[in-house]
Asks: 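Handing you a structure now.
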Amino acid sequence: MSTAKPPGEDPAEGEHTAYPPLEGAKRKAVLRQSLSVGIATGAYGISFGALGVASGLSTLQTVALSMLLFSGGSQFALVGILGAGGTGSAAVATSTLLGVRNGLYGLQTSRILEVRGWRRLLAAHLTIDESTAVSVGQDDRRAGRLGFWVTGIAVFVFWNLMTLAGALVGNALGDPQRYGLDAAAAAAFTALLWPRLRSRDAAATMVLAVAIALLTSPLLPVGVPVILTVLAAVVIGLSGGGRHERATEDPEVAS
């Protein structure tokens with residue numbers, strides 16, 4: 001008798017029998033969520049393209065920066081400092097600081113993806129706010145993997161296409177906020193967050209994070225308040241002892 005295992009059940013492939021294949025309805029729901037986030041977020045890339053050329057970068061430089069850096073907050077910080085007359089070193093330092101959060105995201109997404117070889121490099125490049133949010137927001141690992149890859153690729157494609165469009169059209173578009181593109185991205189994150197607020201600890205973390213962001217946003221550079229909101233999770237985690245995680249365990253498994 002052959003001992004070969006069906007595709008996807010070999011632990012070396014990062015798949016396990018404890019995670020059955022996604023059903024059609026579940027798969028469609030994840031794809032719909034991922035694409036909607038990708039389109040909403042990617043559309044705002046048009047503002048980066050316009051700001052990039054306005055700050056003195058060429059169209060090619062703007063597009064290359066968007067493709068290679070691919071981290072919205074870091075990109076806006078870099079062109080914002082250059083546009084205000086800041087030095088290149090200051091722009092790179094600030095951009096790097098804001099990019100630290102992507103490394104923190106990787107600690108979580110690496111456990112979901114379990115990729116190896118060259119795919120680790122691709123996964124690292126696609127580890128952004130949106131792909132992480134969709135991935136960790138799923139209730140099983142296969143759905144999380146699908147959400148990560150589809151969201152990451154969708155954002156990358158739409159973001160860079162709209163960056164090119166913004167760089168070509170430039171200031172003729174006016175303020176992108178007039179079209180509600182900034183609100184679209186925020187709305188997508190709110191939609192991802194809402195289903196996760198199923199415990200008092202999660203709700204308390206959200207309230208504290210919002211308070212930190214509101215208090216620090218007028219005082220600190222763009223993107224830094226987002227990093228500081230991590231303190232909310234630390235505070236609630238230390239004070240609550242992870243009650244919300246134990247509360248969501250399957251009673252049959254716990255027994």
Side-chain angles (χ1 to χ4, degrees), residues 19 26 29-30 32-34 36-38 40-41 44 71-74 76-77 94 96-114 123-124 126-148 150-152 155 182-251 253-254:
Y19 301 92
K26 178 68 173 293
V30 175
R32 184 167 55 249
Q33 184 184 64
S34 300
S36 63
V37 171
T41 304
Y44 199 49
S71 180
S74 297
F76 279 108
T94 303
T96 302
L97 174 63
L98 296 180
V100 169
R101 73 188 190 281
N102 293 35
L104 299 176
Y105 296 158
L107 298 176
Q108 179 68 21
T109 57
S110 63
R111 298 167 56 189
I112 298 174
L113 300 177
E114 294 186 345
L126 296 179
T127 300
I128 53 176
D129 300 336
E130 294 78 13
S131 61
T132 302
V134 174
S135 179
V136 302
Q138 307 305 320
D139 55 9
D140 68 69
R141 189 165 58 182
R142 289 184 188 265
R145 290 175 180 173
L146 179 63
F148 175 89
V150 176
T151 304
V155 173
D182 55 330
F189 270 108
T190 302
L192 290 172
L193 173 65
W194 188 259
R196 306 289 292 178
L197 303 179
R198 292 178 291 185
S199 70
R200 285 185 295 178
D201 282 0
T205 301
M206 181 201 70
V207 172
L208 183 56
V210 169
I212 292 174
L214 290 176
L215 290 173
T216 58
S217 292
L219 306 174
L220 300 174
V222 176
V224 175
V226 176
I227 299 176
L228 293 180
T229 56
V230 174
L231 295 175
V234 174
V235 171
I236 299 301
L238 292 176
S239 62
R243 290 190 304 269
H244 63 291
E245 293 185 2
R246 290 199 294 270
T248 57
E249 288 183 352
D250 189 336
V253 175

Asks: My understanding is that only residues two or more places apart in sequence, or in another chain, count here; which of them pass side chain to side chain donor-acceptor pair (under 3.5 Å) with S34?
Replies: T151
Asks: Side chain of Q138, backbone of V134: donor and acceptor closer than 3.5 Å?
Replies: yes
Asks: Is there side-chain contact between V235 and L208, with heavy atoms separated by less than 4.5 Å?
Replies: yes
Asks: Y105 and side chain to side chain donor-acceptor pair (under 3.5 Å): which single residue from T132, T127, D129 fits?
Replies: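 The passing option is D129.
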Asks: Taking all non-hydrogen atoms of both residues, which atom of A204 and which atom of I236 are closest, and how far apart?
Replies: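 Minimum heavy-atom separation between A204 and I236: CB-CD1, 3.9 Å.
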Asks: Please give me the minimum heavy-atom distance between R101 and S71, naming the atom from each residue.
Replies: NH2-OG, 3.6 Å
Asks: Do K26 and D139 meet the salt-bridge criterion of a basic N to acidic O distance under 4.0 Å?
Replies: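 Here D139 pairs with K26 in a salt bridge, since their nearest N and O are under 4.0 Å apart.
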Asks: Please report the interatomic distance OG(S135) to CG(L146), rounded to the nearest 0.5 Å.
Replies: 9.5 Å
Asks: Taking all non-hydrogen atoms of both residues, which atom of L113 and which atom of F148 are closest, and how far apart?
Replies: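 Closest approach of L113 to F148, heavy atoms only: CD1-CE2, 3.5 Å.
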Asks: So, for I112 and R145, which heavy atoms are closest and what is the spacing to 0.1 Å?
Replies: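 Residues I112 and R145, closest heavy atoms: O-NE, 2.7 Å.
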Asks: Of all heavy-atom pairs between T216 and I212, which one has the smallest distance, and what is that distance?
Replies: OG1-O, 2.7 Å
Asks: Report the distance from atom CG of N102 to atom CG of L107, rounding to the nearest 0.5 Å.
Replies: 11.5 Å
